[in-house]
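Data first, discussion second: the structure below is written as structure tokens.
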Amino acid sequence: MRIAFYAPMKPPDHPVPSGDRAMARLLLKALAHGGHDVVLASRFRTWQSLPDHSRQARLAVLGERLAARLARRYAALPQRERPQAWLTYHLYYKAPDFIGPVVAERLGIPYLLIEASLAYKRAGGSWDVGHRAALAAVEAAHTVMQINPEDAECIPPETRQSMFPAFLDGAGDRRAMAERSRLRDALAARWQLPLDCPWIVAVAMMREDVKLASYRILADALSGLTALPWRLLLVGDGPARPAVEAAFARALGEASARVRYLGIVPQAAVAEPLAAADLYAWPSINEAYGMALLEAQACGLAVVSGDRPGVAAILRDGETGFLVPTGQVQPFAAALQRLLSDPALCRKMGAAAAANAAQRHDLAAAADALSAVLREAVR
């Protein structure tokens, strides 16, 4: 099947690493795995971080022009070369889709969404243009496939929805797990890490928002655990790195020397520090579902995370890790302490995490689920 794919928040080939871009690329891989012919319909980016009504209006006008142009181009193609369906990934008021609904209607093909949310409190305010465009796209959709259960709650009840589990291509993670000893030795040599104590790892960009809030909670949680031997590996970078470093210095004092800042690691190599570590920890403030949390499980790590609806959909509490009340330092610290003090439990949960990722969140299962929805929509 020929599919037109679009990600208004961030194109799959955008140069800045992110969970959003990683999922978009995985969706393309899953579609290819299912035998579909996929074209990236547009790189037009509608995302904006702060409300700007005039800019939203300009984006809407530009989107309408691009949609008309794209519809004419597709319509001029022979029938066998035209898209049979349009698929937009990650739609909300900050990143609306001004293109897909128009093109789909003019071509007479189904319009589908993956991961869409609505925030009715944005209606009539400074985000009104984006909200109305997101609402119109949801209303135009044949089906909305939701990764995060929380998003499904805000979609109009008459909209057809289906749950679509977060997934990844676990082949690289399994290879990294098989080379754990070599990877651990290499990281120990490069970053002066002792091999005889547990390594905690977290993967996240360093931004002045909920990411920084999560880093601060992690620092505060570890401040009460300095009597235990551990090292912390932080994978990521960004404009808030000085604030992140300051948070750990403040919370840990001399123990902040236990923290290693690995910086940006290419997506293809993220599995290496994950597989080499013992435990993944991330407070998950306002996290949708956290691709890094899923990849950590695929690499055989027990996970401690804040209890968010999307995270709870991929982490089995008490089996593959622990979910704790979001934003609370003491429960987070207690869960970390339990796993750091019980290596056997940590390993058992890590093995269960790898099995969970392979059985419920792998590429092949996602490809089958996508194909089923696409076939039904086109039929």
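Count residues from 1 along the sequence.
Shown are Val303, Leu323, Val324; of these, the side-chain contact (heavy atoms from CB on, under 4.5 Å) with Asp317 is made only by Leu323.
Looking at Asp128 and Arg132, a side-chain N of the basic residue comes within less than 4.0 Å of a carboxylate O on the acidic one, giving a salt bridge. Between Asp209 and Lys211 there is no salt bridge, since no side-chain N of the basic residue sits under 4.0 Å from a carboxylate O of the acidic one. A salt bridge is absent between Glu319 and Lys348; no separation between the charged side-chain nitrogens and carboxylate oxygens falls under 4.0 Å.
Residues meeting the ring pair (Phe, Tyr, Trp, His ring centres under 6.0 Å) test with Phe167, sequence neighbours left out: Phe164. Taking the side-chain contact (heavy atoms from CB on, under 4.5 Å) definition, one finds that Ala249 meets it with nothing, sequence neighbours left out. Judged as a ring pair (Phe, Tyr, Trp, His ring centres under 6.0 Å), and not counting sequence neighbours, Phe332 has no contacts. Residues satisfying the ring pair (Phe, Tyr, Trp, His ring centres under 6.0 Å) test with Tyr93, not counting sequence neighbours, are Trp127. When the salt bridge (Lys or Arg N to Asp or Glu O under 4.0 Å) test is applied to Glu179, the partners found at least two apart in sequence or on another chain are Arg182. Under the side chain to side chain donor-acceptor pair (under 3.5 Å) criterion, Gln79 pairs with Arg82, not counting sequence neighbours. Take Ser54 and apply the side-chain contact (heavy atoms from CB on, under 4.5 Å) test, not counting sequence neighbours, and it matches Asp52, Arg58. In this structure Tyr89 satisfies the ring pair (Phe, Tyr, Trp, His ring centres under 6.0 Å) test with no other residue, sequence neighbours excluded.
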As a quick check of understanding, evaluate side chain to side chain contact (heavy atoms under 4.5 Å, CB included) for Val201 and Leu279, giving each step before the final call.
CA-CA 6 Å; Val201 63; Leu279 169 64; over 6 Å; no

Candidate pair Leu107 and Trp86, rule side chain to side chain contact (heavy atoms under 4.5 Å, CB included), full reasoning
CA-CA 10 Å; Leu107 294 182; Trp86 181 290; over 6 Å; no

Please report the C-alpha distance between His131 and Tyr92 in whole Å, then the side-chain angles of each, then the deciding distance to 0.1 Å, and finally whether the ring pair (Phe, Tyr, Trp, His ring centres under 6.0 Å) criterion is met.
CA-CA 7 Å; His131 166 73; Tyr92 72 127; over 10 Å; no

For residues 23-37, which side-chain donor-acceptor pairs fall under 3.5 Å, sequence neighbours excluded?
| unit_1 | atom_1 | unit_2 | atom_2 | d |
| --- | --- | --- | --- | --- |
| Lys29 | NZ | Asp169 | OD2 | 3.4 |
| His36 | NE2 | Ser371 | OG | 2.9 |

In residues 306-315, what donor-acceptor pairs under 3.5 Å come from side-chain atoms, sequence neighbours left out?
| unit_1 | atom_1 | unit_2 | atom_2 | d |
| --- | --- | --- | --- | --- |
| Arg308 | NE | Glu287 | O | 3.1 |
| Arg308 | NH2 | Glu150 | OE1 | 3.0 |
| Arg308 | NH2 | Asn286 | OD1 | 3.4 |

Donor-acceptor pairs under 3.5 Å, side chain of residues 259-278 to any protein atom, not counting sequence neighbours: which ones?
| unit_1 | atom_1 | unit_2 | atom_2 | d |
| --- | --- | --- | --- | --- |
| Arg260 | NE | Trp191 | O | 2.6 |
| Arg260 | NH1 | Ala257 | O | 2.5 |
| Arg260 | NH2 | Gln192 | O | 2.9 |
| Gln267 | NE2 | Glu295 | OE1 | 3.4 |
| Asp278 | OD1 | Arg180 | NH2 | 3.1 |
| Asp278 | OD2 | Arg184 | NH1 | 3.1 |
| Asp278 | OD2 | Arg184 | NH2 | 3.4 |
| Asp278 | OD2 | Trp199 | N | 2.7 |

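Inter-residue side-chain proximity for Arg174 and Asp362 is flagged as met; some heavy-atom pair is nearer than 4.5 Å. Inter-residue side-chain proximity for Val304 and Leu339 is flagged as met; some heavy-atom pair is nearer than 4.5 Å. Using a 4.5 Å heavy-atom cutoff, the side chains of Glu376 and His142 are in contact.
In terms of heavy atoms, Ala357 sits closest to Gln297 at CB-C, 4.3 Å.
Side-chain atoms of Asp97 and Thr88 include a donor-acceptor pair closer than 3.5 Å.
The stretch residues 213-235 participates, sequence neighbours left out, in these side-chain hydrogen bond (donor to acceptor under 3.5 Å, both in side chains) pairs: Asp220-Arg250.
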